[in-house]
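Single-structure report; data block below.
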Amino acid sequence: MTKVIYADNAATTAMSDKAIEAMTPYFKEVYGNPSSLHTVGQVAKEALESARGKVAKCLNCEPSEIYFTSGGSESDNQCIRSAALQGARKGKKHIITTAFEHHAVLHTLKKLEKEGFEVTYLDVHSNGLVTAEEVKAAIRGDTALVTVMFANNEVGTIQPIAEIGKVCRETGVIFHTDAVQAAGHIPVDVKAMNIDMLSISAHKFHGPKGVGALYCRRGLPLFTFIEGGAQERGKRAGTENIAGIVGMSAALEEACSKLKENGEYLTRLREKLIDGLLKIPHSKLNGDRSRRLPGNVNMCFEGVEGESLLLLLDAKGICASSGSACTSGSLDPSHVLLALGLPHEVAHGSLRLSLSEANTEEDIDYIVEEVPKVIEYLRNMSPVWEELEKGIRKHLI
Ligand SMILES: *Cc1c(COP(=O)(O)O)cnc(C)c1O
């Protein structure tokens with residue numbers, strides 16, 4: 001294969017040089033355990049606290065409000081379970097979320113339903129957005145938690161987080177947001193946006209895999225789910241992943257320092273890509289065109305099966321996805337696209353291209369040249385497409 005164009009940055013990103021450089025000493029020279037009282041341990045402890053300070057600065061909170069975890073999934077689990085437990089102690093067992101959250105959120109909520117909680121799944125509009133008014137209308141006296149993702153991992157839509165935060169603060173309901181796709185990509189300010197709890201994951205912003213963080217506003221109880229030592233002020237036991245944590249803080253610091261220029265660059269590439277792909281007949285952009293992540297493009301092509309499209313694109317050196325990495329392998333269409341109201345047939349033919357700063361104008365030209373060829377090839381072989389062309393079936397897009 002000649003060249004690989006990696007356009008699956010919503011699944012994971014390549015590590016930045018800065019993150020690798022920052023981590024390297026912690027594999028060899030600085031090997032101490034931060035809980036040790038001797039010098040070798042204390043050097044590691046200083047690195048841990050310096051990393052906490054950097055992450056806190058990027059999110060606009062206090063270092064004491066940051067807890068390190070193994071990633072986005074763990075952060076989501078702990079925040080949601082913690083808020084649920086806190087609610088239950090006050091007799092509040094109602095939770096509000098949206099129908100198109102990440103499975104780390106949805107599956108945690110399904111478990112809580114089995115444990116006696118009631119969950120309201122807000123419908124997502126066809127543009128991939130919910131409104132603060134809809135959240136407000138769903139809040140009841142027994143609502144313990146609102147959890148709404150900052151930006152969607154499949155269609156990239158950015159929710160009105162500040163407005164939702166305001167509604168929650170005014171009604172005294174805990175507000176958690178899964179900001180895994182947002183942090184390091186768009187501005188995230190927990191104070192200004194009235195966010196009580198938030199989840200991030202390093203590998204989505206050019207940091208290492210297997211490390212993340214959660215923010216829990218001071219004064220709000222955080223419950224422990226991994227018992228053991230007193231690490232993370234007793235809220236998350238286990239010897240800290242120092243190298244990973246240092247790598248994450250370096251990656252986030254770098255991403256936040258380039259937020260504006262990267263955002264503008266990626267938006268330009270994104271718009272060019274969308275314009276190019278919309279020229280394909282019977283194609284559709286999923287999610288609001290402007291209120292979306294700078295690097296996210298998600299399209300449906302009628303009469304095309306997503307998995308075949310991906311495999312043929314891969315053979316041409318284009319790495320894309322048909323939805324979330326977590327659901328690929330299953331034949332069900334994405335719950336996110338179904339939540340946007342797309343019919344099953346259409347949702348099956350989806351393509352997500354998620355760009356990073358490493359992508360170039362030439363990459364976009366190549367993708368825009370190759371995707372239509374692959375689609376035409378697949379449509380020519382498709383019995384469904386034949387029926388659509390003959391008018392036996394009605395075009396849905
Ligand atoms: C990737 C992702 C997660 C899971 O993060 P991990 O660090 O892989 O556990 C959670 N939520 C969203 C929105 C994501 O994109």
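Note that the numbering runs from 1 along the sequence shown for the chain. Atoms within each ligand, like the ligands themselves, are counted from 1 in listed order.
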Quick check on contacts: which atoms of ligand 1 are under 4.0 angstrom from a heavy atom of [X]?
X	value
S73	4 (C), 5 (O), 6 (P), 9 (O)
M149	13 (C)
G71	7 (O)
K204	1 (C), 2 (C), 3 (C), 14 (C), 15 (O)

Do ligand 1 and A10 have nitrogen or oxygen atoms that lie under 3.5 Å from each other?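 In this structure, A10 places no N or O atom under 3.5 Å from an N or O of ligand 1.
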Heteroatom distance test (N153, ligand 1): nitrogen or oxygen, under 3.5 angstrom: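 Not met; the criterion fails.
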Could you tell me whether E74 approaches ligand 1 through its side chain, its backbone, both or neither, with non-hydrogen atoms closer than 4.0 Å?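 Answer for E74: neither.
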Please state which part of H203 comes within less than 4.0 Å of ligand 1, counting heavy atoms only: side chain, backbone, both or neither.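 H203 to ligand 1: side-chain contact only, backbone stays beyond 4.0 Å.
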Does the pair [X]/[Y] count as a salt bridge with the N-to-O cut at 4.0 Å?
X	Y	result
E264	R268	no
E113	K110	yes
R379	E386	no

Testing the 3.5 Å rule here: is there a donor-acceptor pair between the side chains of T12 and K209?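 Yes, K209 and T12 have a side-chain donor paired with an acceptor closer than 3.5 Å.
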Would you say the side-chain atoms of E134 and H125 include a donor-acceptor pair closer than 3.5 Å?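 Yes - a donor-acceptor pair under 3.5 Å links their side chains.
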Taking the six-membered ring of F117 (Phe, Tyr or Trp), confirm whether the NZ or CZ of K93 is under 6.0 Å from its centre and within 45° of its axis.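 Pair K93/F117 counts as cation-pi.
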